[in-house]
J.: 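Got a structure for you, questions after.
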Amino acid sequence: QVQLVESGGGLVQAGGSLRLSCAVSGRTFSNYLMGWFRQAPGKEREFVSAISPGGSGISYADSVQGRFTISRDNAKNTVYLQMNSLKPEDTAVYYCAAEHHFRAGMRIFTTVSGYDYWGQGTQVTVSS
């Protein structure tokens with residue numbers, strides 16, 4: 001059984017920064033495509049960023065490009081999301097997701113349906 005546990009959320013003022021972490025237990029972390037998604041109240045869950053198993057492939061949503069940075073430490077079974085220049089519209093519950101069917105040469109999955117395993121989420125609130 002794969003378990004994902006997010007941490008690092010909180011309340012921050014606009015322009016501030018937060019670093020989210022997602023610790024993964026279970027099967028071989030280094031084989032997983034890892035993604036971050038978010039869901040604001042009344043809205044659908046949306047893609048934020050994802051990183052390939054080896055870390056060489058990365059994708060960002062246009063709304064966070066240049067402000068957020070995804071990274072992973074395969075020795076620690078952890079993926080990170082560094083969020084800078086936060087805006088009130090970044091307020092949401094942020095979810096970590098994992099997918100073990102990804103293979104080299106594939107396009108990074110950016111849809112909710114592309115991921116098999118999910119964490120419980122961590123709240124990020126950005127005040128204006």
Side-chain angles (χ1 to χ4, degrees):
Q1 183 70 20
V2 179
Q3 293 184 328
L4 292 75
V5 179
E6 303 96 335
S7 61
L11 173 64
V12 64
Q13 290 187 334
S17 298
L18 283 174
R19 188 195 197 201
L20 305 184
S21 299
C22 174
V24 181
S25 62
R27 298 172 65 178
T28 308
F29 175 77
S30 59
N31 291 340
Y32 296 151
L33 172 69
M34 297 300 302
W36 286 98
F37 289 74
R38 67 186 181 186
Q39 188 166 18
K43 295 188 176 181
E44 293 187 351
R45 193 169 298 188
E46 65 175 6
F47 173 77
V48 174
S49 182
I51 186 168
S52 63
S56 61
I58 289 176
S59 180
Y60 295 101
D62 290 344
S63 59
V64 306
Q65 180 78 47
R67 299 187 299 122
F68 291 10
T69 302
I70 192 171
S71 62
R72 64 190 296 159
D73 186 337
N74 286 347
K76 295 182 178 180
N77 286 13
T78 302
V79 63
Y80 305 96
L81 186 68
Q82 177 68 43
M83 306 186 295
N84 298 329
S85 302
L86 283 162
K87 305 175 181 180
E89 51 263 43
D90 294 318
T91 295
V93 177
Y94 282 71
Y95 296 91
C96 175
E99 165 54 44
H100 67 281
H101 291 110
F102 182 85
R103 297 293 181 267
M106 290 182 175
R107 293 186 65 179
I108 286 181
F109 305 155
T110 60
T111 61
V112 171
S113 61
Y115 291 79
D116 288 334
Y117 306 107
W118 293 85
Q120 293 301 306
T122 185
Q123 177 70 47
V124 171
T125 303
V126 184
S127 63
S128 58

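As a basis for the values below, the full set of heavy atoms in this structure was taken, side chains included, without hydrogen atoms, waters or symmetry mates.
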J.: Do Phe68 and Tyr60 make the cut of ring centroids closer than 6.0 angstrom?
T.: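 Judged by ring-centre distance (under 6.0 Å), Phe68 and Tyr60 do not meet the cut-off.
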J.: Of all the heavy-atom pairs spanning Val93 and Gly121, show the shortest one and how long it is.
T.: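 The pair with the smallest heavy-atom distance is CG1-CA, 3.8 Å.
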J.: Could you see if Leu4 belongs to whatever hydrophobic cluster contains Leu33? Use Ile, Leu, Val, Met, Phe, Trp, Tyr and a side-chain cutoff under 4.5 Å.
T.: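 Hydrophobic grouping puts Leu4 apart from Leu33.
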J.: How far does CG of Asn31 sit from CZ of Arg103, to the nearest 0.5 angstrom?
T.: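 Output value for this atom pair is 7.0 Å.
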J.: Atom CG in Asn77, atom CE in Met34: separation rounded to 0.5 Å?
T.: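 If I round to the nearest 0.5 Å, the distance is 9.5 Å.
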J.: Atom OG of Ser59 and atom CD1 of Ile51: how far apart are they, to the nearest 0.5 Å?
T.: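 It comes to 11.0 Å.
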J.: How long is the span from the OG1 atom in Thr69 to the CD1 atom in Ile58, to the nearest 0.5 Å?
T.: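 So the OG1 of Thr69 and the CD1 of Ile58 are separated by 8.0 Å.
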J.: Would you name the heavy atoms of Pro53 and Ser30 that are closest together and state the gap between them?
T.: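 The answer is CB-O, 3.1 Å.
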J.: Look at the side chain of Arg72 and the backbone N and O of Ser52, then say whether any donor-acceptor pair between them is shorter than 3.5 Å.
T.: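 Yes; judged by distance alone, with no hydrogens or angles, the pair exists.
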J.: Main chain of Asp73, side chain of Tyr80: is a donor-acceptor contact present, judged purely on distance under 3.5 Å?
T.: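 No, the answer is negative, given that no donor and acceptor are paired below the 3.5 Å cut-off.
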J.: Honestly curious: do Tyr94 and Val12 fall in one hydrophobic cluster under the side-chain, below-4.5 Å linking rule?
T.: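 Same cluster.
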J.: Among Phe37, Phe102, Phe47, which residue satisfies the ring pair (Phe, Tyr, Trp, His ring centres under 6.0 Å) criterion with Phe109?
T.: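 Among Phe37, Phe102, Phe47, the one that satisfies the ring pair (Phe, Tyr, Trp, His ring centres under 6.0 Å) with Phe109 is Phe102.
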J.: Could you state whether Val24 and Val5 fall into the same hydrophobic cluster, counting links through intermediate Ile, Leu, Val, Met, Phe, Trp or Tyr residues with side-chain heavy atoms under 4.5 angstrom apart?
T.: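 Looking at the clustering, Val5 is in a separate group from Val24.
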J.: How about Gln120: does its CD atom have over 12 heavy atoms from other parts shown lying under 6.0 Å from it?
T.: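 Open: at most 12 neighbouring heavy atoms sit under 6.0 Å from CD of Gln120.
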J.: Which atom pair, heavy atoms only, marks the closest approach of Ser85 to Ser17?
T.: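 Looking at all heavy atoms of both residues, the closest pair is N-OG, 4.3 Å.
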J.: So, taking the atom named CD in Glu99 and the one named OH in Tyr117, what distance separates them when rounded to the nearest 0.5 Å?
T.: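 These two atoms lie 8.0 Å from each other.
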J.: Taking all heavy atoms of Leu81 and all of Ser49, pick out the closest pair and write down the distance.
T.: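 Result for this residue pair: CD1-CB, 4.3 Å.
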J.: If you take all heavy atoms of Lys43 and Gln39, which pair is closest and at what distance?
T.: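 So the minimum-distance heavy-atom pair works out to O-NE2, 3.1 Å.
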J.: Is it the case that the side chain of Gln13 and the backbone of Ser127 share a donor-acceptor pair, with hydrogens and angles ignored and the cut-off at 3.5 Å?
T.: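 No, the answer is negative, given that no donor and acceptor are paired below the 3.5 Å cut-off.
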J.: Relative to the ring of Tyr32, is the ring of His100 parallel (under 30°), tilted (30 to 60°) or perpendicular (over 60°)?
T.: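 It falls in the perpendicular class, over 60°.
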J.: I want to check something: taking the side chain as every heavy atom from C-beta on, are Met83 and Trp36 in contact at a cut-off of under 4.5 Å?
T.: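 SC-SC contact between Met83 and Trp36 ruled out.
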J.: Begin with the C-alpha distance, continue with both residues' side-chain angles, and end with the deciding distance and a verdict on side-chain contact (heavy atoms from CB on, under 4.5 Å) for Tyr95 and Val48.
T.: CA-CA 9 Å; Tyr95 296 91; Val48 174; over 6 Å; no
J.: Measuring only between side-chain heavy atoms, which start at C-beta, is Leu20 closer than 4.5 Å to Val124?
T.: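 A side-chain contact exists here, since the closest heavy-atom pair is under 4.5 Å.
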J.: To the nearest 0.5 angstrom, please state how far the CZ atom of Arg45 sits from the OH atom of Tyr115.
T.: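 Between atom CZ of Arg45 and atom OH of Tyr115 there are 13.0 Å.
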J.: Check Thr122, Thr91, Asp90 against Arg38 for a side chain to side chain donor-acceptor pair (under 3.5 Å) and give me the one that passes.
T.: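 Option passing the side chain to side chain donor-acceptor pair (under 3.5 Å) with Arg38: Asp90.
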